[in-house]
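Since the structure comes first, as structure tokens, the remarks are kept for the end.
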Number of protein chains: 2
Amino acid sequence: MAATIRDVARRAGVSVSTASLALNGKPLVSPKTRQKVLQAARELNYHPNAVAKSLADGRTRTLALFIPVTLEHLFSSAGFFGRLLQGMHRAALERGHHLSLHIVESEEEAAEQIRTLLRSRRADGLILTNPTVDPPYLPALKEAEIPVVFLGRPLGDWPHVNPVDHVDNDNVEVGRLGVQHLAEKGHERIALLNGPSRFTFCLDRLEGYRQGLRERGLPYDEALVWTSDMTEEHAYTTVLSALEGGLEFTALLATSDIQAVGALRALRELGLRAPDDVAVLAVNNTALTRYYVPPIAAIDLHEERLGYEAVQLLLRRLSFPDPSCSNDPNDARKARTGKHVRVPCTLVPRASCGCSSV
Amino acid sequence: MAATIRDVARRAGVSVSTASLALNGKPLVSPKTRQKVLQAARELNYHPNAVAKSLADGRTRTLALFIPVTLEHLFSSAGFFGRLLQGMHRAALERGHHLSLHIVESEEEAAEQIRTLLRSRRADGLILTNPTVDPPYLPALKEAEIPVVFLGRPLGDWPHVNPVDHVDNDNVEVGRLGVQHLAEKGHERIALLNGPSRFTFCLDRLEGYRQGLRERGLPYDEALVWTSDMTEEHAYTTVLSALEGGLEFTALLATSDIQAVGALRALRELGLRAPDDVAVLAVNNTALTRYYVPPIAAIDLHEERLGYEAVQLLLRRLSFPDPSCSNDPNDARKARTGKHVRVPCTLVPRASCGCSSV
DNA sequence: GCTCGAGATCGAACCGGTTCGATCAAGAAC
DNA sequence: GTTCTTGATCGAACCGGTTCGATCTCGAGC
């Protein structure tokens with residue numbers, strides 16, 4: 001069996017409490033005693049039991065990550081998901097924390113799992129991806145008063161969960177950047193293939209799209225804004241039917257890699273080629289955009305960074321526990337306003353927008 | 001604060017031990033008492049603390065999953081990774097277990113993390129992906145004597161870790177199936193673009209490839225077997241240089257989606273088209289193969305099932321603890337021979353092999 | 001030489017469950 | 001009526017840490 005702290009104490013000839021203090025680097029032990037204890041620990045190959053530690057100090061050092069499968073694009077977008085997790089894991093590891101993974105079919109299932117997770121107190125904090133308006137897990141969060149970080153901007157005021165921290169890209173900037181790039185290449189009729197408006201990133205990108213047009217002095221034409229699910233098939237049919245009337249346009253900004261692929265299929269079927277007839281720019285720089293024929297220009301969202309920042313934010317919140325109990329008005333104010341981290345985006349030009357032959 | 005079992009006991013007017021028995025459905029309590037306890041628990045909104053439970057019974061109900069980032073293809077293969085996790089999570093959830101995720105840069109880092117994880121006793125079992133020959137984490141596993149399941153066939157006898165359970169596809173069959181399909185369409189000169197031989201699935205697929213040829217009475221030509229890293233770039237250069245000599249062949253089996261894409265780029269550059277000049281078949285049915293132009297026929301490995309079975313296997317092993325301590329020779333034998341689950345594969349025909357226009 | 005205080009050490013309680021051996025009550029057997 | 005058995009219940013110990021308040025030691029100050 002593995003050595004316990006009592007074994008170490010016995011061997012070092014000190015009490016258990018002294019051994020604990022020494023092992024944790026607390027200042028109250030004499031150097032001599034500390035050495036004895038550390039030596040004994042080494043000899044016994046002692047390593048503290050994480051579960052016992054958690055029970056004693058009430059911290060599991062575990063962060064729970066919830067991902068709804070319904071976010072198809074997260075899963076189908078090649079590599080996106082993996083890079084996200086990679087960043088999260090790195091941040092957690094740096095601070096001695098662990099990631100527990102929860103993949104749910106729906107937000108209802110998320111609510112269910114969050115509830116049982118919190119009741120059994122298996123996590124110190126939660127990371128939730130792409131919340132919709134008033135998601136069903138809100139009461140569970142409220143009940144447990146556990147720190148939460150959202151990946152993506154939550155919509156509305158969320159009076160129950162307080163404060164609301166979140167990490168995302170500046171999606172207005174994503175839309176703006178896309179339009180700017182295409183406009184710079186001389187395009188004046190730029191279509192937007194957007195996703196469902198229940199996703200705040202879609203709302204924001206639309207806003208950025210309009211802003212970009214405005215800055216360029218280009219008119220906003222509603223007929224050029226199409227909405228499809230974040231699947232290849234639906235993007236394909238959406239673009240096909242949008243173009244039935246014979247619209248005039250020379251550039252297309254798609255809000256995901258997968259939708260860009262669907263759009264390209266539709267264009268191809270109508271005899272239109274990228275970039276010659278239509279310049280195409282996607283959001284999400286993945287294997288799909290990189291290896292497509294032609295390679296699809298894409299806005300990189302830096303998923304690894306996104307995940308990293310989300311965990312960092314959560315850990316920071318965990319270091320300032322009980323914000324509502326704080327008496328310092330300064331602390332309270334800080335705590336009350338949710339923190340927000342913005343991760344920059346980068347445009348990767350490729351053949352599909354006429355930028356490069358690569 | 002949340003109610004504890006002592007609160008429940010007090011309210012129900014019974015002892016803590018009786019409350020525990022009642023709550024866990026143990027047979028020794030009278031129906032009357034059980035009702036009282038359950039009622040009290042309901043009224044207090046009692047939910048047992050998972051950490052305390054773990055400390056008491058020594059089971060964390062956590063399974064740790066290790067994924068080396070170096071398995072580029074897992075990450076770049078669109079969706080593969082997500083589906084794998086999905087299956088694992090489903091199996092774990094069904095049995096009240098949790099998944100903790102560990103993404104490592106190398107097997108050395110894996111060894112390091114496994115060691116600290118096991119020392120702090122944070123997991124009951126491990127899932128390791130694609131072990132190489134004699135990986136550096138072997139001593140750590142041996143030291144802890146913790147149940148392990150491998151995703152992919154481990155190479156060699158692994159005298160230290162006993163028994164070795166693993167889950168994988170029948171990769172010999174994968175190779176065989178690929179060749180058979182292409183041969184059925186009349187191809188006689190079938191090239192194989194394989195991955196590095198440190199991966200056992202590559203060894204097995206090569207074996208299957210040879211077997212398939214043999215069954216069809218086709219000669220094995222070493223010049224038609226190429227090896228590249230599992231990246232698009234390396235696959236591309238490998239195929240380019242392989243074809244410098246002007247080889248004769250009409251079909252190509254690639255051992256990953258990403259390599260198929262690289263191969264197609266090389267072929268295109270040499271003026272060869274799929275499927276007209278060369279029929280192409282890939283392993284890994286992902287967004288990349290599905291949405292490529294032309295769509296790439298692919299062998300689906302059923303990742304979701306792979307993940308599901310891996311967790312199931314691990315949980316089964318956890319139900320028969322201490323196999324080496326068992327005195328029943330029958331048990332011992334069962335325990336000593338590692339269990340092995342094979343997940344079937346399915347061929348999805350698409351345009352690239354000349355099967356379908358979709 | 002005695003007092004005082006700071007620093008080191010210790011014992012015990014605690015975190016929230018499970019489990020084992022002892023006790024107790026009730027019904028069966030004689 | 002006494003003894004034996006069986007099932008229900010209980011108290012206490014345990015899992016392996018942390019932490020708090022009490023005690024002990026020793027040197028400084030008077």
Problem set entry | Along DNA chain D (nearest heavy atom to each residue), the more 5'-positioned of B/T33 and A/N49 | B/T33
Exercise. Which part of the nucleic acid, if any, lies within reach of A/V51 when heavy atoms closer than 4.0 Å are counted: base, sugar-phosphate only, or nothing?
Worked result: nothing
Exercise. At under 4.0 Å, does any side-chain N or O of B/S30 touch on OP1 or OP2 of D/dA8?
Worked result: no
Exercise. Closer to the 5' end of DNA chain C via nearest nucleotide, is it A/P27 or B/T18?
Worked result: A/P27
For this session: Assign each of B/K32 and A/L55 to its nearest nucleotide of DNA chain D by heavy atoms, then name whichever residue's nucleotide is nearer the 5' end.
Result: B/K32
Problem set entry | Any B/T4 side-chain nitrogen or oxygen under 4.0 Å from OP1 or OP2 of C/dG16 | no
Problem set entry | side chain to side chain contact (heavy atoms under 4.5 Å, CB included) between A/L65 and A/M88, worked out | CA-CA 9 Å; A/L65 169 62; A/M88 291 187 179; 3.5 Å; yes
Exercise. With respect to the phosphate group of D/dT18, does any side-chain polar atom (N or O) of A/K53 fall under 4.0 Å of OP1 or OP2?
Worked result: yes
For this session: Sort out for me which residue in A/V149, A/L151, A/L141 forms a side-chain contact (heavy atoms from CB on, under 4.5 Å) with A/L128.
Result: A/L141
Exercise. To 10°, what angle do the rotation axes through the five end pairs on each side of the helix from C/dG1-D/dC30 to C/dC30-D/dG1 form?
Worked result: 60°
For this session: Please confirm whether the backbone N or O of B/K26 pairs with a side-chain atom of B/R34, one donor and one acceptor, at under 3.5 Å?
Result: yes
Problem set entry | With sequence neighbours excluded, residues passing ring-ring contact (aromatic ring centres under 6.0 Å, His included) with B/F66 | B/H102
Exercise. Has the side chain of A/S17 got a donor or acceptor that lies under 3.5 Å from a partner of the other kind on the base of C/dG11?
Worked result: yes
Exercise. Taking only residues two or more places apart in sequence or in another chain, which ones pass side chain to side chain contact (heavy atoms under 4.5 Å, CB included) with B/T4?
Worked result: B/R6, B/D7
Exercise. Should B/I127 and B/V167 be marked as a side chain to side chain contact (heavy atoms under 4.5 Å, CB included) after you check the CA-CA gap, both sets of side-chain angles, and the distance that decides it?
Worked result: CA-CA 10 Å; B/I127 301 181; B/V167 172; over 6 Å; no
Exercise. With respect to the phosphate group of D/dT19, does any side-chain polar atom (N or O) of A/K26 fall under 4.0 Å of OP1 or OP2?
Worked result: yes
